[in-house]
Amino acid sequence: MAGKVWLVGAGPGDAGLLTVKGKAVIEKADVIVYDHLVGNEILSSLDDKKKLINVGKLAGHHPIPQEEINRRLVEEARKGQRVVRLKGGDPFLFGRGGEELAELGKYGIPFEVVPGVTSSLAVPAYGGIPVTHRDYASSVHIITGHKKRGKQEETDYKALVKTGGTLVFLMGVTALPDIRAKLLEAGMRPDMPAAILQEGTTAGQKNVTGTLEELEDKAREAQICPPAVIVVGEVCRLSGTLSFRERLPLFGTRIALTRPRKVISALAERLRDEGAEVLELPAIDTKELESNEKLAGCLERIEEYDWIVFTSQAGVEVFFDKARQERVDIRRLSEAKFAVIGEGTQAALRQRGIYADMMPKVYDGESLANTLADRGIRGARILVPRAEKGNEFLVPILERAGAAVEDIPVYRTVIHTGGTVSVKTELEKGKIDLVVFTSSSTVEGFAAAAEGASLSKIRAACIGRQTAKTAEKYGMQCYIAEKATLDALTELILRMERCQSSSTGDDIGKEPINYGKKTEKTAGQ
């Protein structure tokens, strides 16, 4: 039984420019066939539990021929799979989407097209250049700077110059000298405003503006390399006035998040709103224990418990999933009180329609136990569904306070080293500016994924002191959030970047308050 293929445009790089339909199709796919121009933000967000096939092609280096790509699409669809062919930008603009769909048509394989945001419009926009403007240009012309091997020049430069519109050249970095020469030969003014925009919409965005005559020299001086977009026209003079990306506080910063994929999106969204490029590199996974018979038994007599204590979002998720499987009516929980370790866990509980009765001021297991013990829990029955390896102090503190505790392991944390983006490669290329850690296990997982790469230059934003101690073990430069919340982590990162741009970053450690200091400056406080 034949499957189906969706040809999806991933946009120019910024994950926010992936269309709503494109995202929905990717989430439902069984197989994703992707190429080199799909941005790392999007690649890192792909679920590596799906079958992922890299058919990346670089200019002048095509390790996988187009015929082989076509064959793979047909082969996967014939297995009955939902296949997404993910291409950078828009799949029909100087891509080979049309050829791929024609091949599918030969075999009667159904397909759909999900257009993408094209770099020819988005990259100039992120550089402050509107490709049309009532005062400067009423037309835009998109030209490929890359010619098919052995094919004669087809572009009519005299006709392009005559239009007076904006000219956008894609894949034209190496052809810039030729493009410049032909435009001048065709009669374009040497002082026509022009721009070359590298890695637009990403943290690597670099904008070089000038005149057509001087653009080649300026691009060489700025060491511009592919992928880049060339824009020629009066609209380029607006770049300095209309550029906005560079003004965001985290512009140019690549941040790696290491939380489990299920809970990574909230922090990723906050950081992207501040201008960062966010790589979703989950260093750990949480897996429900195969046999949760003890939890099932507790659910059978759930009315017996005075308190149900959650130490993580994963614990909340597993508990309620199991309750649903066992057909436990939610009304049977009405007599129990709920305690949570922090705001994230509280939010997960609130999504189930339950508001926590207690949350400690300091978000760790020991503080949770002490705060609960101060409530007077002698004789109380307490259920703690948590990780297989949980905080060693929590249960003893509760038991010393006179409570009867059922400590039930319901999930385990495992190291995750897979994914479409190589942690080691990104570190070696200097493509990660900062890493966010929310637990010691995320540090261990990240170190495992980066094995062989130096970690000494990594700036680590840590949610707590214990997490920072683990990161320091690997030689990282560690900073600690004031509180174990996403808001506090975001604020810490903003402070780190402000200090990094104004000096060496040491200013954070010189603040008179214990907030965002390097761990070695706050030891013992």
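Residue indices begin at 1 and follow the sequence shown.
Side-chain atoms of D364 and S367 include a donor-acceptor pair closer than 3.5 Å. E288 and N292 form a side-chain donor-acceptor contact under 3.5 Å, judged by distance and modelled atom types alone. Defined by atom type and a distance below 3.5 Å, a donor-acceptor pair is missing between the side-chain atoms of N54 and H36.
Among L37, V38, V33, L7, the one residue that satisfies the side-chain contact (heavy atoms from CB on, under 4.5 Å) test with K87 is L7.
For the atom pair K287 NZ and H416 NE2, the distance stands at 8.0 Å (nearest 0.5 Å). One distance of note links CD of E428 with OG of S422; it measures 7.5 Å at 0.5 Å rounding. Between K431 atom NZ and T202 atom OG1 the span is 7.5 Å, to the nearest 0.5 Å. Here the straight-line distance linking atom SG of C298 with atom CD1 of I408 works out to 4.0 Å at 0.5 Å rounding.
Taking the side chain as every heavy atom from C-beta outward, I458 and L427 approach each other to under 4.5 Å. No side-chain heavy atom of L281 sits less than 4.5 Å from a side-chain heavy atom of L257. Side-chain contact between V74 and I109: present, with at least one pair of heavy atoms (C-beta onward) separated by less than 4.5 Å. Side-chain contact between Q313 and K262: absent, with no pair of heavy atoms (C-beta onward) separated by less than 4.5 Å. Taking the side chain as every heavy atom from C-beta outward, R245 and D14 approach each other to under 4.5 Å. Looking at D433 and I255, their side chains never come closer than 4.5 Å, going by heavy atoms from C-beta outward. Between F111 and W6 the shortest side-chain heavy-atom distance does not fall below 4.5 Å. The side-chain heavy atoms of L368 and Y363, taken from C-beta on, include no pair separated by under 4.5 Å.
The shortest non-hydrogen separation linking L492 to A461 is CD2-CB, 3.9 Å. Of all non-hydrogen atoms in E497 and T253, the two that sit nearest each other are OE1-OG1, 3.2 Å. Minimum interatomic distance between A256 and I432 (heavy atoms only, all atoms of both residues): CB-CG2, 4.0 Å. Taking all atoms of both residues into account, the shortest heavy-atom contact from A468 to C462 is CA-SG, 3.7 Å. When all heavy atoms are compared, the tightest approach of S456 to Q477 is O-NE2, 3.4 Å. The heavy-atom pair separating A403 from I382 by the smallest distance is CB-CD1, 3.6 Å.
Between R332 and E326, no side-chain nitrogen of the basic residue sits less than 4.0 Å from a carboxylate oxygen of the acidic one, so the salt-bridge criterion is not met. With salt bridges taken as basic N to acidic carboxylate O contacts below 4.0 Å, none links E491 and R495. Ionic pairing of K49 and E27 is not present here: no N-O contact between side-chain nitrogen and carboxylate oxygen is shorter than 4.0 angstrom. A salt bridge is defined here as a Lys NZ or Arg NE, NH1 or NH2 lying under 4.0 Å from an Asp or Glu carboxylate O, and R270 with D273 fails to meet this definition. With salt bridges taken as basic N to acidic carboxylate O contacts below 4.0 Å, none links K79 and D30. Classification of E76 and K4 as a salt-bridged pair fails, no side-chain N sitting under 4.0 Å from a carboxylate O. A salt bridge links R272 with E41: at least one charged nitrogen is closer than 4.0 Å to a carboxylate oxygen. A salt bridge does not link E451 to K424: none of the charged nitrogens lies less than 4.0 Å from a carboxylate oxygen.
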Verdict with supporting geometry, N207 and E246, side-chain hydrogen bond (donor to acceptor under 3.5 Å, both in side chains): CA-CA 10 Å; N207 303 339; E246 294 87 345; 2.8 Å; yes

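Residue pairs meeting the side chain to side chain donor-acceptor pair (under 3.5 Å) criterion with at least one member in residues 376-394, sequence neighbours excluded, are E304-R381, R381-E406, R386-D407, E388-R412.
Looking at residues two or more places apart in sequence or on another chain, you find a ring pair (Phe, Tyr, Trp, His ring centres under 6.0 Å) between F244 and Y126.
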Donor-acceptor list for residues 347-360 side chains, cut-off 3.5 Å, not counting sequence neighbours:
unit_1, atom_1, unit_2, atom_2, d
R352, NH1, A348, O, 3.2
D357, OD2, F338, N, 2.8

